[in-house]
Amino acid sequence: AVPAETTAPPTVEDKPIEDAGEEIKLAEEDEDEEDEVPELPAKAAPVEDNGGQSSAIRRRRGRGDRRRSSVLDEILETKKRNEKLMFALAEKAPSFLQLRNKDVEPYLKMVIPFLAAIAAVIDKVAPVIYKYSAMAYTEYKKLPEEYVWGFFGFLMCFFGGVYPVLFVATETFFMCGYDETRAALMDLYNTYAALRKKNEEDDKKDVDGDGIADVNEISSDELFMRKVDLFLVTCDPQKIVRAGGVLYGTMLAITAVLRVHFAKTIAIGNAIGDVIVKTVGRFAVPVLLAVLPEKYHKWVPVLVSYISKSIGVSIAWTVQSVVSAFHSAIKGGFIMARMGMQWHAKQKGRKFDDTETSMDEILGFAIATLGFGIQLKSGFMLPFPLNILLLPLSITEWWIRYVIADSSMFVETHAD
């Protein structure tokens, strides 16, 4: 007799073949008669293997790996061609640049691969950046006016003392050069996009039909001349010259406005440097004379003068930061308050008129006091993580400060 339940079915090794087959057949009949056997679900679970990963997930990962590998291969190919172009350019550079000097060659071999890799990555990333920038600009144009100006007022109110030069430069740019500069940049990008498309087509050409792209078979000089010819044929020189002139003119205009606007700050910094140069020299000259070799001692007065001017200008910019923070906080606070009340009135179906109420002024002064107090308490330093996120703005701010003050830093001052 077959038992009702068995822990394991009998095997062929335990019994003769005939008996084993008879018991398995009876066991199958008993299982068919039992009602408590659960039915299989309508949709079976995905078969998992290789550490529990389903085949669908592995296929998606495989496609992602192939895409990443393809992008990396394209970047490496572009890097190789960039290296050939850069070495050919170094060979054809004017003699006064000394790029063909044997002493310079080891440094070129170190620097050119790095620059070629950066150029290849930029060439791959630039279209993506432009795509998402265009999407962001489209969404920005859809925003209500109150949102845009309210956000700008917030930046002025709470960051005006941190980036005083950058805010003045931005205001100047929007007043006297925004439309022309935007059109010039669009012309340059369209030229770049057309050139990039032609370059990709040229990189894929295989005239001799040997399965290898022609650009990978020719020498560096031939590749250089081929790409120069492609540039000259594809690009519109009028657009490039006009765009370059607009960008250069805008930069000069902004620089001139900034130098006039902050002339007093630079003058105060120079005056402070003239006053403290003797004090600084009393401490710095012995140290510099001890550290520098005797043949470099003639540079000590110049270094002391530059250090003194740097200290003086830093003090002057600190004072200017306080003044700019106060002015920007009031201006930004009023912008925030009025834009907020204008938005609220629009939600109610009314039109906001700032002559009919003083609430915008009360609210603006309150916001300005808060913004100025926060900046003053922080010492015009950005807290973490804003100091990391806004690092490009900080670098731009200090670079502009240097540009508008560089000529005054080299005015002769004696440390005697």
Side-chain angles (χ1 to χ4, degrees), residues 133 135-179 181-182 254 257-258 260-262 264-265 316-394 396-398 400-401:
S133 298
M135 293 171 57
Y137 182 76
T138 303
E139 295 300 321
Y140 157 76
K141 296 296 288 184
K142 296 178 182 178
L143 291 174
E145 177 188 15
E146 295 81 10
Y147 288 10
V148 177
W149 282 103
F151 181 70
F152 185 70
F154 169 80
L155 294 178
M156 290 191 66
C157 183
F158 291 90
F159 298 95
V162 182
Y163 303 117
V165 178
L166 201 56
F167 276 106
V168 175
T170 302
E171 290 181 336
T172 305
F173 171 69
F174 278 102
M175 284 185 352
C176 65
Y178 172 74
D179 294 330
T181 303
R182 183 175 179 272
I254 293 175
V257 171
L258 291 176
V260 172
H261 189 89
F262 294 103
K264 186 181 295 185
T265 301
W317 276 115
T318 302
V319 176
Q320 179 62 50
S321 295
V322 177
V323 176
S324 297
F326 184 78
H327 172 262
S328 298
I330 294 177
K331 190 172 182 179
F334 271 67
I335 292 175
M336 287 181 66
R338 286 172 178 161
M339 289 299 105
M341 296 188 69
Q342 181 174 313
W343 176 83
H344 183 265
K346 187 180 292 185
Q347 299 301 309
K348 299 291 186 180
R350 295 183 284 103
K351 186 177 180 180
F352 173 70
D353 187 359
D354 57 1
T355 61
E356 297 178 354
T357 178
S358 300
M359 184 58 65
D360 59 325
E361 297 166 355
I362 297 173
L363 186 59
F365 274 118
I367 297 174
T369 303
L370 178 64
F372 180 72
I374 290 176
Q375 291 184 79
L376 198 62
K377 184 178 180 181
S378 64
F380 307 103
M381 301 294 290
L382 294 173
F384 180 83
L386 289 178
N387 56 348
I388 304 298
L389 296 175
L390 300 180
L391 182 61
L393 297 182
S394 301
T396 305
E397 168 77 16
W398 286 103
I400 296 176
R401 289 188 187 187

Student: Mind running side chain to side chain contact (heavy atoms under 4.5 Å, CB included) on W398 and V165 for me, showing each step along the way?
Tutor: CA-CA 9 Å; W398 286 103; V165 178; over 6 Å; no
Student: Please report the interatomic distance CZ(R401) to CG(L166), rounded to the nearest 0.5 Å.
Tutor: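 The CZ atom of R401 sits 10.0 Å away from the CG atom of L166.
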Student: Is the backbone N or O of Q375 less than 3.5 Å from a side-chain atom of S378, with the two atoms forming a donor-acceptor pair by type?
Tutor: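 Yes.
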Student: When rounded to the nearest 0.5 angstrom, what distance separates NE2 in H344 from CZ in F352?
Tutor: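 Here the interatomic distance stands at 11.5 Å.
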Student: Counting C-beta onward and ignoring hydrogens, is there a side-chain heavy-atom pair between F380 and V322 closer than 4.5 Å?
Tutor: yes
Student: Once you round to the nearest 0.5 Å, how far does CE of M135 lie from OG1 of T138?
Tutor: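 It is 8.0 Å, given to the nearest 0.5 Å.
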Student: With respect to V162, which candidate in L382, N387, L393 satisfies the side chain to side chain contact (heavy atoms under 4.5 Å, CB included) definition?
Tutor: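 Of L382, N387, L393, side chain to side chain contact (heavy atoms under 4.5 Å, CB included) with V162 is met by L382 alone.
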Student: Over 60° means perpendicular and under 30° means parallel, so classify the ring planes of F159 and F154, tilted if in between.
Tutor: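 Plane angle over 60°, so perpendicular.
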Student: Side-chain contact test, heavy atoms from C-beta onward, threshold under 4.5 Å: evaluate it for M156 versus H327 and give yes or no.
Tutor: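 Result no, sub-4.5 Å side-chain heavy-atom pair not found.
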Student: Take atom CZ in F326; do more than 12 heavy atoms of anything else shown fall under 6.0 Å from it?
Tutor: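 Counting other residues, nucleotides and ligands, CZ of F326 stays at 12 neighbours or fewer.
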Student: Rounded to the nearest 0.5 Å, what separation is found between the CE atom of M336 and the CG atom of L155?
Tutor: 9.5 Å
Student: Could you list the residues that satisfy side-chain contact (heavy atoms from CB on, under 4.5 Å) with F173, not counting sequence neighbours?
Tutor: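 side-chain contact (heavy atoms from CB on, under 4.5 Å) check on F173 returns Y178, T181, T250, I254.
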Student: Classify the ring geometry of W149 against F152: parallel below 30°, tilted from 30° to 60°, perpendicular beyond 60°.
Tutor: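 W149 vs F152 ring planes: perpendicular.
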Student: Taking atom CG of L370 and atom SG of C157, what is their separation to the nearest 0.5 Å?
Tutor: 7.0 Å
Student: To the closest 0.5 Å, what do you measure between OG1 (T369) and CD1 (I330)?
Tutor: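 Going from the OG1 atom of T369 to the CD1 atom of I330 covers 8.0 Å.
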Student: Assess whether side chain to side chain contact (heavy atoms under 4.5 Å, CB included) is satisfied between S394 and Y163, documenting all intermediate values.
Tutor: CA-CA 7 Å; S394 301; Y163 303 117; 3.0 Å; yes
Student: How close do A337 and D360 get, counting heavy atoms only, and between which atoms?
Tutor: CB-O, 3.4 Å
Student: Has Q342 got a side-chain atom pairing as donor or acceptor with K351's backbone, closer than 3.5 angstrom?
Tutor: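 Absent.
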Student: Are the charged groups of E145 and K346 less than 4.0 angstrom apart, N to O?
Tutor: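 No, E145 and K346 are not salt-bridged.
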Student: Checking E146 against M341 for the side chain to side chain contact (heavy atoms under 4.5 Å, CB included) test, could you report, in this order, the C-alpha distance in whole Å, the side-chain angles of both residues, the deciding distance, and whether it holds?
Tutor: CA-CA 9 Å; E146 295 81 10; M341 296 188 69; over 6 Å; no
Student: Step through it carefully: locate the ring centre of W317, locate the ring centre of F262, and say whether they are under 6.0 Å apart.
Tutor: yes
Student: Under the criterion ring pair (Phe, Tyr, Trp, His ring centres under 6.0 Å), I'd like the reasoning laid out for F334 against F365: C-alpha separation, chi angles, the key distance, then a yes or no.
Tutor: CA-CA 7 Å; F334 271 67; F365 274 118; 5.1 Å; yes
Student: Any idea which heavy atoms bring I367 and G333 closest together, and the distance?
Tutor: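 Taking I367 first and G333 second, the nearest heavy atoms are CG2-CA, 3.9 Å.
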